Protein chains: 2
Amino acid sequence: MVVTLKDVAERAGVSRSAVSRTYTDGASVSDKTRKKVEKASRELGYSPSLIARSLATNRTKLIGLVANNFQNPIFLEVFDLYTRALQERGLRPLLVNLTNETNPENSVQMLRQYNVDGVIVATSTLQPRFSHAFKNANMPVVHAFGRFEQGSPVHVVGIDNVGCGRMAADTLIRHGYKKIAFLGGPQMATSTQDRASGFLTQLKASDVDVADVVYATAYNYDAGKEAMLELLGNRQVDAIFCGDDLICMGAMDAARSNGLSIPDDIGFLGFNDMNMSAWSAYNLSTIRQPTPDIILSSIELIVSLVSDPTRAMETRIFPCSVVERGTLKPLKP
Amino acid sequence: MVVTLKDVAERAGVSRSAVSRTYTDGASVSDKTRKKVEKASRELGYSPSLIARSLATNRTKLIGLVANNFQNPIFLEVFDLYTRALQERGLRPLLVNLTNETNPENSVQMLRQYNVDGVIVATSTLQPRFSHAFKNANMPVVHAFGRFEQGSPVHVVGIDNVGCGRMAADTLIRHGYKKIAFLGGPQMATSTQDRASGFLTQLKASDVDVADVVYATAYNYDAGKEAMLELLGNRQVDAIFCGDDLICMGAMDAARSNGLSIPDDIGFLGFNDMNMSAWSAYNLSTIRQPTPDIILSSIELIVSLVSDPTRAMETRIFPCSVVERGTLKPLKP
DNA sequence: CCGATCTTTGCAACCGGTTGCAAAAAGATT
DNA sequence: AATCTTTTTGCAACCGGTTGCAAAGATCGG
């Protein structure tokens, strides 16, 4: 049924090795032989099986792509970039959906069964024990969007969430807000912890009172809405820093449903700058995370990690920036 | 480095076959042997390589998941469901991003190289020659969200887009609209063609004039916005059927930016009922497509197709329904 | 206790490739 | 033309599993 290397060899009148060498670069084949092989291949419609090759080379060109948040549209942007960038490098993503998965061992086993060359963990909410589990199973691992920790056993590519929290505080203060609240993602997400920490300490350092601190139960719209309703009990708030754009949208919709107008009654600052944040229904002022840079860099890192697993541990931090749109009252001149 | 079957066999003091049989169900192994093997496996941390196994069994448990729209959040819902449902069946998705890809041969080759057991093409905008190309390469193929065509060479799971178009027309008429327009997705997408056809013929059949017909260049927000601006030149419109919720949101935002209020000045009917459509910023009345049913059914179909490739050609059509929210003026009593 | 029957086991070939090695062929040098 | 290099080639073993087959072991009835 399926055309194999042997078929091509017979048709071309050469040895199997010759055919194999035609398709591995750097191998020694004469022009004459190569031509014969390519002709036979074309006639038969042959393409080498990466699966079989991987048995001998120990390289599947498969990269495990581990994620656990399929509710946040930002991840569609993330998948788009990953799949295309990996494709361009001749690699393929093997998607692992960790929603509802609590045991890292299951995922480790899955990925080991397919002999992936490396693993990219792309999430800011996963407990570290997951990425560590992959590491312990001897797979090259990069944690994208992860937390930088001194002595972390896995390579990290991401942002300085604490610094971004400070940046958020400065931004709100600069816009003249006085009664500022924090509406974060899930309290156990490292990204939320860090953003909160930077944000709150900076407010304190600037002698601005923290009006309220609330955590959404997930990085999604409904959770943002719900947390906002909780927060709305507190009439003292004039601006909110949300730990994520999607949460922020839920919060904004909750505020509007309660008759508040944005930014006159209340200001909002989001986080991520996903495509939707520019939509005129939200027109969200937000802190931009350089997603494409993080993704490209994490791919580059995993690739070099695959060829040199002993590579020195590394953390790559990209700078964020404030994107001013319409959910904060104008700066005083 | 990595633990193989041979290591386990040696440790357990049995033959390689015995170990292999322990992990293939239906094989004949005594309880005593199985115990020994499992003990050794545990101690060594062994899990069988699906890659190596696939060489002998010709089953990789890999399903190619082909998509070309990474801009529409509905696809995040789709990916979520696919990855989880496939995972539950011991299968894994190999994601193929067809954005910007014009040559089916590239994709065919990719999937063949990984020896996927089957292919699910999940899109309503791909030209049929893509799914046909997979079919011609002798892979089991299911086209999810595809068009039903008499004599189609691939199995199709989806909806009756023509019927849905009619349903949309009836809905707008029932709500008392008189000057109705169609704002579709890309004109070459089969889903758009069919929805337009059903919609427009039904309007005609009901003696309602078609105020305008416009096509967005893509199934995304910006394209919807742009198409709406084009359509807004025409002051005669009192309701619009959009071929997709996301397009509809772009259109709504364009309308609001032009000072129109919804649904008083203009009514909107979307298509899909994605999660975001229920957001209070849009609160979109729409035609619901039973995405989970389509996905589950397409998986079921590809699975049985893998075990019996000669299975009779089949089309599975699921019913859609109208979801009434707030973008159409209330029904007259 | 023996032979018939059923279950379990190991051997060896195979799945579709790669690769070290030595022999063969081609090219260079004198 | 003979010798030395360099390039190309095929052989055979290997990657990590599965499986048909025949031999070995267990079970059972008489």
Side-chain angles (χ1 to χ4, degrees), chain A residues 1-38 40-41 44-62 90 109-117 137-138, chain B residues 1-38 40-41 44-62 90 109 111-117 138:
Chain A
M1 202 85 202
V2 69
V3 185
T4 79
L5 173 138
K6 188 158 137 262
D7 303 326
V8 176
E10 279 166 10
R11 170 138 200 157
V14 298
S15 73
R16 291 161 60 224
S17 326
V19 179
S20 172
R21 285 193 255 258
T22 302
Y23 291 101
T24 54
D25 28 37
S28 155
V29 214
S30 70
D31 247 31
K32 210 174 61 181
T33 307
R34 156 163 278 131
K35 287 278 188 305
K36 279 195 290 186
V37 169
E38 281 170 349
S41 277
L44 260 33
Y46 170 74
S47 61
S49 157
L50 287 187
I51 297 273
R53 169 179 294 168
S54 82
L55 224 50
T57 61
N58 204 24
R59 288 279 178 275
T60 53
K61 305 263 183 183
L62 246 28
Q109 206 189 353
M110 274 182 202
L111 291 176
R112 204 161 43 180
Q113 288 183 327
Y114 281 102
N115 219 320
V116 295
D117 290 348
N138 267 319
Chain B
M1 200 85 203
V2 69
V3 185
T4 79
L5 172 139
K6 187 156 137 265
D7 303 326
V8 176
E10 278 165 11
R11 172 139 199 156
V14 298
S15 74
R16 293 161 58 224
S17 326
V19 179
S20 172
R21 284 193 256 260
T22 302
Y23 291 101
T24 53
D25 27 37
S28 156
V29 213
S30 70
D31 246 32
K32 210 175 59 184
T33 308
R34 155 163 279 131
K35 287 275 188 309
K36 279 195 291 187
V37 169
E38 280 171 350
S41 277
L44 259 33
Y46 170 73
S47 60
S49 157
L50 286 187
I51 297 274
R53 170 179 291 167
S54 82
L55 224 49
T57 61
N58 203 25
R59 286 280 178 271
T60 52
K61 305 256 182 191
L62 246 26
Q109 205 190 353
L111 291 176
R112 207 165 39 184
Q113 287 184 328
Y114 280 102
N115 219 321
V116 296
D117 291 348
N138 266 319

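What you see is a predicted model, and the numbers here were worked out from it, not measured in a lab.
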Mind checking if [X] touches a base, just sugar-phosphate, or nothing, with heavy atoms under 4.0 Å?
{"X": "Val29(B)", "result": "sugar-phosphate"}
{"X": "Ser28(B)", "result": "base"}
{"X": "Ser54(A)", "result": "nothing"}
{"X": "Ser20(B)", "result": "base"}

Per the atom types in the model, does the base of dG17(C) pair as donor or acceptor with the side chain of Arg16(A) at under 3.5 Å?
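Under the 3.5 Å cut-off, the side chain and the base do form a donor-acceptor pair.
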Ignoring hydrogens and angles, does a donor from either the side chain of Ser17(B) or the base of dC11(C) sit under 3.5 Å from an acceptor on the other?
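Yes.
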Do the side-chain N or O atoms of [X] get closer than 4.0 angstrom to the phosphate oxygens (OP1, OP2) of [N]?
{"X": "Thr57(A)", "N": "dC15(D)", "answer": "no"}
{"X": "Tyr23(B)", "N": "dG16(D)", "answer": "no"}
{"X": "Ser49(A)", "N": "dG16(C)", "answer": "no"}

Pick the closest DNA chain C nucleotide for Asn115(B) and for Ser30(B) by heavy atoms, then say which residue is nearer the 5' end.
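Final value for this comparison: Ser30(B).
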Nearest of dG17(D), dT9(C), dC11(D) to any side-chain atom of Ala56(B)?
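Selected nucleotide (nearest to the side chain): dG17(D).
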Could you tell me how far apart [X] ([atom1]) and [N] ([atom2]) are, to the nearest whole angstrom?
{"X": "Arg59(A)", "N": "dT18(C)", "atom1": "CZ", "atom2": "C1'", "answer": "14 Å"}
{"X": "Asp25(A)", "N": "dT18(C)", "atom1": "CG", "atom2": "P", "answer": "11 Å"}
{"X": "Leu5(B)", "N": "dC14(D)", "atom1": "CG", "atom2": "P", "answer": "16 Å"}
{"X": "Asp7(B)", "N": "dC15(D)", "atom1": "CG", "atom2": "P", "answer": "10 Å"}

Flag for [Y]-[X]: side-chain donor and acceptor within less than 3.5 Å:
{"X": "Thr4(A)", "Y": "Tyr46(A)", "result": "no"}
{"X": "Asp117(B)", "Y": "Thr60(B)", "result": "yes"}
{"X": "Ser30(A)", "Y": "Thr33(A)", "result": "yes"}
{"X": "Ser49(B)", "Y": "Tyr114(A)", "result": "no"}

Where each residue is assigned the nucleotide of DNA chain D containing its nearest heavy atom, which of Asp31(A) and Thr4(B) is assigned the position nearer the 5′ end?
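Looking at the nearest nucleotide for each, Asp31(A) comes out on the 5' side.
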Residue mapping more 5' on DNA chain D - nearest nucleotide basis, Arg21(B) or Leu55(B):
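Looking at the nearest nucleotide for each, Leu55(B) comes out on the 5' side.
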If I compare all heavy atoms of Arg16(B) with all of Lys6(B), which pair ends up nearest, and what's the gap?
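That closest heavy-atom pairing would be CG-CA, 4.3 Å.
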